[in-house]
2 protein chains.
Amino acid sequence: MSTDYTARTSTQIPAGHSAPFPSLDASALFAGCPEVIGTPFSYAREEEVYGEGEEAEFVYKVVSGAVRTHKVLSDGRRQITGFRLPGDLFGFEQGKIHRHSAEALTDTKVLIFKRRQVERAATDRAEFACQLWDMATNDLRHAQDHMLLLGRRSAAERVASFLIDVDARLGGTGTFALPMTRRDIADFLGLTIETVSRTLSQLEEDGALQRVGGRQVSLRRARLHRMIED
Amino acid sequence: MSTDYTARTSTQIPAGHSAPFPSLDASALFAGCPEVIGTPFSYAREEEVYGEGEEAEFVYKVVSGAVRTHKVLSDGRRQITGFRLPGDLFGFEQGKIHRHSAEALTDTKVLIFKRRQVERAATDRAEFACQLWDMATNDLRHAQDHMLLLGRRSAAERVASFLIDVDARLGGTGTFALPMTRRDIADFLGLTIETVSRTLSQLEEDGALQRVGGRQVSLRRARLHRMIED
DNA sequence: CGAAACCTTGAGAGCTCTCAATGTGAGTGG
DNA sequence: CCACTCACATTGAGAGCTCTCAAGGTTTCG
């Protein structure tokens with residue numbers, strides 16, 4: 001079985017797909033801005049796109065593959081704040097410095113835009129600035145949903161919610177391969193890898209999903225939805 | 001001793017104060033937009049400003065007092081996503097519906113703006129739209145910081161971090177009265193009121209702060225900072 | 001001064017974490 | 001093609017942190 005999640009992702013997620021949790025669909029964002037040209041670039045699996053504290057010189061649009069953004073504490077504890085899939089934009093900052101890190105989950109292709117060019121375009125064209133605003137507001141909504149998950153939901157609810165979200169982003173068929181490791185899932189959900197693993201086993205035992213190998217899952221979405229109630 | 005936190009807040013936080021965690025300072029946001037007129041309005045302590053699911057017809061700017069925004073699950077579990085103090089703007093949504101609720105912590109004065117007017121102004125004036133974008137990006141950064149807190153920090157770290165943040169927003173003197181209840185603190189930090197209370201007692205025992213009554217605190221900021229290391 | 005809301009403290013339970021061992025799958029080299 | 005290796009995932013046992021339930025204390029406000 002192939003481990004080329006990049007290929008799988010790019011076939012299952014059309015460029016115009018409306019992403020359920022991170023960014024607003026941005027496939028058309030730069031369409032009317034010929035002055036904002038993206039440069040194609042590639043990152044290998046696990047390669048860093050940018051690190052916390054670096055100058056925020058560019059913004060990025062995922063073409064294929066997947067990227068995680070996260071923050072870390074000095075003792076290594078890590079919180080993944082989001083996964084970016086094809087069509088998503090990321091790398092925007094309020095100041096000049098990146099306040100989080102970004103790494104490629106798999107081999108990933110992106111378009112790179114000069115931050116200053118984007119800001120210039122936003123300053124010149126209100127419609128464009130409004131799209132950026134809209135995108136940020138949408139990201140903020142997802143962040144608030146995730147705060148509720150991290151602050152108030154049980155491990156089973158977190159995992160069920162996560163599976164439903166990933167399914168929706170990967171086409172909504174109910175059957176897919178998780179494009180990230182248990183560690184990434186754990187660091188996104190505020191759990192340990194052992195708890196994620198145990199919870200998946202429990203969900204399978206309860207008939208809420210089936211697994212093939214470590215990554216491939218088939219969800220019984222009605223049961224999972226019932227577990228999160230909201 | 002007075003419990004008029006509204007008055008205390010409004011004297012300790014100048015209108016132009018740069019807020020450390022929620023919104024970008026927005027004191028001048030509508031300055032150049034005479035067509036966007038805010039209507040003064042007041043809310044009593046514990047009064048709802050808007051509820052989740054309601055149409056998002058207005059946006060709000062705090063003049064005095066304080067507001068909390070939160071999400072709730074059907075069984076009552078609540079996650080406060082932020083506290084809004086004078087100068088802060090809130091109530092923006094990506095769609096037409098509020099995805100969270102907002103309530104006044106204390107008697108609160110706000111300026112209300114018609115959402116459609118704000119959007120019109122953003123469409124017309126790129127500079128204005130950029131300010132809104134910037135504000136949303138700033139909110140997003142704080143949301144990401146809070147995800148790290150909720151997902152990966154211990155109760156002691158959460159409380160210490162919270163106290164430092166509130167101190168900074170209330171003037172940075174190290175001595176202040178908490179403008180919210182233990183329940184609000186707990187629901188912001190993803191803890192129970194008992195754990196918040198126990199943690200405060202422990203911090204006092206460790207010499208990291210002193211308390212007078214339930215709300216007044218004096219921080220030893222160096223010690224608190226040492227506890228969060230990041 | 002009295003009532004109600006808020007806060008603190010205690011005891012025990014439970015959920016998740018830690019530490020450890022075993023199992024599984026993908027890529028590699030013989 | 002198969003054995004090997006390494007990273008990843010699962011499972012178990014016990015500990016620990018936070019929660020729940022309960023009682024008592026404190027503050028606020030009428």
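All chains are named by letter (A, B, ...) in the order of the sequence lines, taking the proteins before the strands, and each is independently numbered beginning at 1.
Between A:Phe188 and A:Phe162, the ring center distance clears the sub-6.0 Å criterion. Remark: aromatic rings of A:Tyr60 and A:Tyr50 are close, center separation under 6.0 Å.
Between the side chain of A:Arg158 and the backbone N or O of A:Arg153, at least one donor-acceptor pair lies under 3.5 Å.
In this structure, A:Gln216 places its CD atom 14 Å from P of D:dA9, rounding to the nearest Å. Distance B:Asp107 CG to D:dT28 P: 16 Å, rounded to the nearest Å. Atom C1' of nucleotide D:dT20 and atom CZ of B:Arg77 are separated by 14 Å, given to the nearest angstrom. We find that CG of A:Leu189 is positioned 10 Å from P of C:dC17, with the value rounded to whole Å. Between A:Leu178 atom CG and C:dG25 atom P there is a gap of 15 Å when expressed in whole angstrom units. As a whole-Å value, the separation of A:Glu157 CD from C:dC15 C1' is 13 Å. One can place CG of A:Leu150 at 16 Å from C1' of D:dT18, the figure rounded to the nearest angstrom. Across the protein-nucleic acid pair, B:Arg182 atom CZ and D:dT26 atom C1' stand 12 Å apart, rounded to whole Å.
Side-chain atoms of B:Glu194 and base atoms of C:dC7 include no donor and acceptor less than 3.5 Å apart.
For B:Arg45, the CZ atom is loosely surrounded, since the number of other residues' heavy atoms within 6.0 Å does not exceed 12. Crowding of A:Glu47 atom CD: a count of heavy atoms from other residues, nucleotides or ligands under 6.0 Å exceeding 12.
The side chain of B:Ser201 lies closest to C:dT8 when the candidates are D:dA9, D:dT20, C:dT8. Distance from the side chain of A:Arg198 is smallest for D:dG12 among the nucleotides D:dG12, C:dT9, D:dC19. The side chain of B:Arg215 approaches C:dC6 more closely than any other nucleotide in the set C:dC6, D:dA9, C:dC17. Distance from the side chain of B:Ala155 is smallest for D:dT18 among the nucleotides D:dC19, D:dT18, C:dT16.
Position along DNA chain C of the nearest nucleotide to A:Gly213 versus A:Arg158 favours A:Arg158 as the more 5'-ward residue. Nearest-nucleotide positions on DNA chain C place B:Gly214 closer to the 5' end than the other of A:Leu191 and B:Gly214. Comparing A:Arg152 and A:Val196 by the nucleotide of DNA chain D that holds the closest heavy atom to each, the one mapping nearer the 5' end is A:Val196.
Residue contacts for A:Leu200: at a heavy-atom cut-off of 4.0 Å it reaches no nucleic acid atom on any strand shown. In this structure, A:Ser197 reaches the bases: a heavy-atom distance under 4.0 Å links it to at least one base atom across the strands shown. Counting non-hydrogen atoms under 4.0 angstrom, A:Arg211 reaches the backbone sugars and phosphates but no base. Counting any heavy atom pair closer than 4.0 Å across all strands shown, A:Ile193 reaches no nucleic acid atom.
Checking the phosphate oxygens (OP1, OP2) of D:dT18, no side-chain nitrogen or oxygen of B:Thr192 falls inside 4.0 Å. An OP1 or OP2 oxygen of C:dC6 is reached within less than 4.0 angstrom by no side-chain nitrogen or oxygen of B:Arg183.
Looking only at side-chain heavy atoms (C-beta outward), B:Arg211 and B:Ser201 come within less than 4.5 Å of each other.
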